[in-house]
Amino acid sequence: MQAHPITKYQPVTPIDLPDRQWPSRQIERAPIWASVDLRDGNQALAIPMTVDDKIEFFDSLVQTGFKEIEVGFPSASQTEFDFIRRLIDEKRIPEDVTVQVLVQARAHLIRRTFESLKGIPRAIVHLYNSTSPLQREVTFNKTKEEIKAIAVEGTELIKSLVDTIPETHIRLQYSPESFSDTETDYALEVCQAVMSVWQPTESNKIILNLPATVEIATPNHHADQIEWFCRHLKERNKAIISLHTHNDRGTGTAATELGLLAGADRVEGTLFGNGERTGNLDLVTVALNLYAQGIDPNLDLADIPSLRATYERITRMNVPERHPYAGDLVFTAFSGSHQDAIKKGMDLQAKKASPSSLWRVPYLLIDPQDIGRSYEAIIRINSQSGKGGVAFLLHRHHGLDLPKAMHPEVGEAINRAADKDSRELTTDEIHEIFLCEYVERQTPLKIIEIKSKDFEKSGELHIEAEIIHRDKKEIIGGTGNGPISAFVDALKDCGLKDFQILDYRQHSIGHGSKTEAAAYIQIKKEDGRIYFGCGIDSNIEFAGLNALVSAFNRSR
Ligand code: KIV
Ligand code: ZN
């Protein structure tokens, strides 16, 4: 990197817009969405899509609810041409969907594009040429007037060709490519010239797409460019202003959102942000950001996992683990305090009257279920995880509703195991550790059998139990107001009672013939230390007795 002073790069010139309005606006509705996956996204793939891939991707975009879809660059290659022909010939374009085709402002390419469109009921022809000083000087070596003339002549040719396919309703989209790096007044001048040729009307508007072909500045700068453009455009009512951001600085989403505040009507982008270099705008993120603000995005994103699977299979790209909404780790909390808060929020949410009650779960922006994500992956346990996370998983996956006071102790036992192996634990592993630590503790004390249970005249219960203590079989007996107190009495009788019971609770697990009981006992030893035990059995009495034995054994 260059040392200070940095002369290799320079800041952008701010837009002169002291009375900018966008900072105090709010987005109130979804924009018109236009997917450019099959063109901008496709051209950035190491292995571009085949015609069959494109058909499948197109169908999936239609299902997701896109009404404007850029399907390719038909004059650029035979595959692109064949694809649009298949869409038309096989009547695959639903009546409420308009396809868009990209073409450079060059006569032979425009003519070939029109050939590809024969027989289509409606289409958007997307004309573009690059307008920035950098492109004018370095790539084209042309003056401003010459660059404007390219756009004007391209538009004139398109206009003259409209009548060659009279069965088709053609709309024009014009992009001053590299708008983000173009003098805004010059971009306006070119767009105005295109409009003068095309003569849009309020009912047949032109689409002026203002690309951040390369994202060169902070999102507020982009918003200033868009607001300035919208305010200075003559006959604004005859144009749809469209955004097309890329993500070179990692702020494509923010730039788009601020661009909408600044007055844009339409947004172009791709699913999960595929596209040249750092990608195009991720439409899924912007749409779900709107949803999270209570705005209907007008896209069906209820099954993100399957949309993502189709996308990954066809593009051979991966959605990163922390990608907003769609990444594997987005609905996962590792830190204990986050897990505790999520559990509290989820419990309260579950108690609310309706599934559409206001979502108030800390750390989770939206309900994962709304987009087809499951709760299962929400909490994963590693040595950093808290007590709440473990309890949550044992409850959700294994029906064990541990007493709250038991959570820290169980959490510690599980964290120790995770720490030992330096890795995350699955819910099944957590369950196994719990069973091994609590339910299967059978030394030094084990009940082999309850030999007899008789009620005495006093109404108290007397039990005799065969036990093994320190490898020695014994029959012990005691009396109490229930089996647990009778067993405690029996332990006292043989000198093993060095504790008092502080708490006992139980609940059932499962339903019908498979129902089991889980019992939890908390004991306090004479030295003041506290231990929990748990017993699980189809017989509720055994569950309780085993819970006591578990606590006893854990205290040794
Ligand atoms: O990024 C861009 O400028 C483009 C244009 C062709 C619209 O993709
Ligand atoms: Zn682009």
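Model, not experiment: these values are computed from the prediction. As the structure lists them, so they are numbered: ligands from 1, and atoms in each ligand from 1.
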Q) Given Trp22 and Asp224, is the side chain to side chain donor-acceptor pair (under 3.5 Å) satisfied, shown in steps? A) CA-CA 8 Å; Trp22 63 262; Asp224 279 354; 2.8 Å; yes
At under 4.0 Å between heavy atoms, is it the side chain or the backbone of [X] that contacts ligand 1, or both, or neither?
| X | value |
| --- | --- |
| His244 | side chain |
| Arg39 | side chain |
| Asp40 | side chain |

**Q.** CZ/Arg236: more than 12 non-hydrogen atoms of other groups inside 6.0 Å
**A.**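 Yes - once you tally the heavy atoms of other residues, nucleotides and ligands closer than 6.0 Å, there are more than 12.
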**Q.** Opening angle at the Zn ion (ligand 2) [NE2, His244; NE2, His246; to 10 degrees]
**A.**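 It rounds to 100°.
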(Q) Restricting to non-hydrogen atoms, name the atom on Thr131 and the atom on Tyr186 that form the minimum distance, rounded to 0.1 Å. (A)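 Closest approach of Thr131 to Tyr186: O-CE2, 3.5 Å.
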Q | the Zn ion (ligand 2) - name of the N/O/S atom of Asp40 that sits closest to it | A |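 In Asp40, the N, O or S atom with the shortest distance to the Zn ion (ligand 2) is OD2.
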Q. Should Glu268 be listed as contacting ligand 1, given a heavy-atom distance under 4.0 Å as the test?
A.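 Under 4.0 Å: no for Glu268.
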Q: Given side chain to side chain donor-acceptor pair (under 3.5 Å), test Asp37 with Tyr311 step by step and report yes or no.
A: CA-CA 10 Å; Asp37 290 85; Tyr311 161 83; over 6 Å; no
Q. Honestly, is Arg86 close enough over Phe58, meaning NZ or CZ under 6.0 Å from the six-membered ring centre and within 45° of the axis?
A.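 Not flagged: Arg86 not positioned over aromatic ring of Phe58.
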**Q.** Phe81 six-ring face occupied by Arg112 cation (under 6.0 Å, within 45°)
**A.**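 Yes, cation above the ring, under 6.0 Å and within 45°.
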Q: For ligand 1, find out whether one of its N or O atoms is nearer than 3.5 Å to an N or O atom of His246.
A: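 Yes, at least one N or O pair falls under 3.5 Å.
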Q. Among all protein non-hydrogen atoms, which one is nearest to atom 3 (O) of ligand 1, and what is the separation to 0.1 Å?
A.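 Protein heavy atom at minimum distance: Thr213 OG1, 2.5 Å.
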